[in-house]
Student: 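Mind looking over this structure? Questions follow.
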Amino acid sequence: MKDDGWLNGAVVSLAGRDRGTVCIVLQEEGEYLFLADGRLRPVERPKKKKRKHARLLTDACGEPIRFDGELLTNRFVRQFLHETFEGVSSAEGTRSDGRRSFSG
């Protein structure tokens, strides 16, 4: 299967218990993505999720939001996600458990 450019991209989960959670794609394997958020899903234990159950997040220009860090640590992933998505208001979606949530 060809690379669709999901690797190191920020995605939002569309289905499952983790719906609305923003994660980083660590690995692609066929129709599956391996995701980590640095907190509930650490880099050492990524979540395996079908590609159709995740949406690649893009910036205002339509370019995928990329994780360009060299050190892939949980702290670095958390920092990247926090800095990138800190402008999300609570009305748009912080869940009651404090995790980021996006609708759509």
Side-chain angles (χ1 to χ4, degrees):
M1 183 172 238
K2 70 176 187 143
D3 176 22
D4 294 334
W6 290 60
L7 191 60
N8 294 337
V11 297
V12 63
S13 174
L14 300 176
R17 189 179 300 190
D18 61 344
R19 170 189 242 158
T21 303
V22 179
C23 298
I24 299 297
V25 178
L26 301 179
Q27 181 182 351
E28 296 177 273
E29 193 173 287
E31 69 176 294
Y32 290 99
L33 303 171
F34 291 86
L35 311 175
D37 68 358
R39 188 173 313 263
L40 296 174
R41 278 299 174 171
V43 172
E44 301 82 22
R45 201 172 40 88
K47 166 78 174 159
K48 183 178 180 182
K49 190 168 224 32
K50 284 192 175 184
R51 200 178 292 260
K52 68 181 181 180
H53 294 150
R55 184 182 66 192
L56 188 62
L57 297 174
T58 57
D59 60 16
C61 299
E63 293 295 317
I65 297 171
R66 295 266 182 234
F67 174 73
D68 294 325
E70 293 179 15
L71 294 175
L72 196 56
T73 63
N74 292 315
R75 181 178 183 175
F76 202 71
V77 170
R78 284 192 311 269
Q79 234 172 357
F80 169 78
L81 291 175
H82 176 73
E83 290 170 4
T84 305
F85 300 104
E86 70 182 339
V88 177
S89 73
S90 59
E92 289 177 322
T94 301
R95 297 164 24 153
S96 60
D97 61 1
R99 295 185 351 207
R100 297 278 182 197
S101 176
F102 290 84
S103 59

Student: Name all residues meeting the side-chain contact (heavy atoms from CB on, under 4.5 Å) criterion together with N8; count only those two or more places apart in sequence or in a different chain, and write none if there are none.
Tutor: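 Testing N8 for side-chain contact (heavy atoms from CB on, under 4.5 Å), a comparison that skips the adjacent residues, returns F67.
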Student: Do W6 and F34 belong together in a cluster built from hydrophobic side chains that touch within less than 4.5 Å?
Tutor: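 Different clusters.
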Student: Counting only N and O atoms by type, is there a donor-acceptor contact under 3.5 Å from the side chain of R78 to the main-chain atoms of G38?
Tutor: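 At least one qualifying donor-acceptor pair exists.
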Student: Distance from T84 atom OG1 to I65 atom CD1, nearest 0.5 Å?
Tutor: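 If we round to the nearest 0.5 Å, T84:OG1 and I65:CD1 are 6.5 Å apart.
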Student: Starting at CZ of R51, measure out to CG of L56 and round the result to the nearest 0.5 Å.
Tutor: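 These two atoms lie 10.0 Å from each other.
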Student: Verify, without hydrogens or angle tests, whether R19 (side chain) and S13 (backbone) share a donor-acceptor contact under 3.5 angstrom.
Tutor: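 No; zero donor-acceptor contacts below 3.5 Å.
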Student: For a 4.5 angstrom cut-off between non-hydrogen side-chain atoms, does V43 reach V77?
Tutor: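 Yes. Closest side-chain heavy atoms under 4.5 Å.
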Student: When you group the ILVMFWY residues by side-chain heavy-atom contacts below 4.5 Å and let the links chain together, are V25 and Y32 in the same group?
Tutor: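 In one cluster: no.
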Student: Under the salt bridge (charged side-chain N to carboxylate O under 4.0 Å, His left out) rule, collect the residues that match up with K47, sequence neighbours excluded.
Tutor: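 Checked K47 against salt bridge (charged side-chain N to carboxylate O under 4.0 Å, His left out); zero matches.
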Student: Does the pair K49 and D18 meet the rule for a side chain to side chain contact (heavy atoms under 4.5 Å, CB included), with working shown?
Tutor: CA-CA 10 Å; K49 190 168 224 32; D18 61 344; 3.2 Å; yes
Student: Working to the nearest 0.5 angstrom, can you tell me the gap between L33 CG and C23 SG?
Tutor: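 The CG atom of L33 sits 10.5 Å away from the SG atom of C23.
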Student: Salt bridge check: are K48 and E29 linked by an N-O gap of less than 4.0 Å?
Tutor: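 Result for this pair is no, no salt bridge flagged.
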Student: In Å and rounded to the nearest 0.5 Å, what is the CZ to CG distance from R45 to L40?
Tutor: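 It comes to 8.5 Å.
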Student: Does the side chain of V11 come within less than 4.5 Å of L35's, by heavy atoms?
Tutor: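 Yes; the side chains approach each other to less than 4.5 Å.
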Student: Could you grab the distance from atom CD of E31 to atom NE2 of H53, nearest 0.5 Å is fine?
Tutor: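 Output value for this atom pair is 9.5 Å.
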Student: Between D37 and T21, is the side chain to side chain contact (heavy atoms under 4.5 Å, CB included) condition met? List the steps.
Tutor: CA-CA 8 Å; D37 68 358; T21 303; 4.0 Å; yes
Student: Exactly one of Q79, E44, R39 should register a side-chain hydrogen bond (donor to acceptor under 3.5 Å, both in side chains) with N74. Which one does?
Tutor: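 That would be E44.
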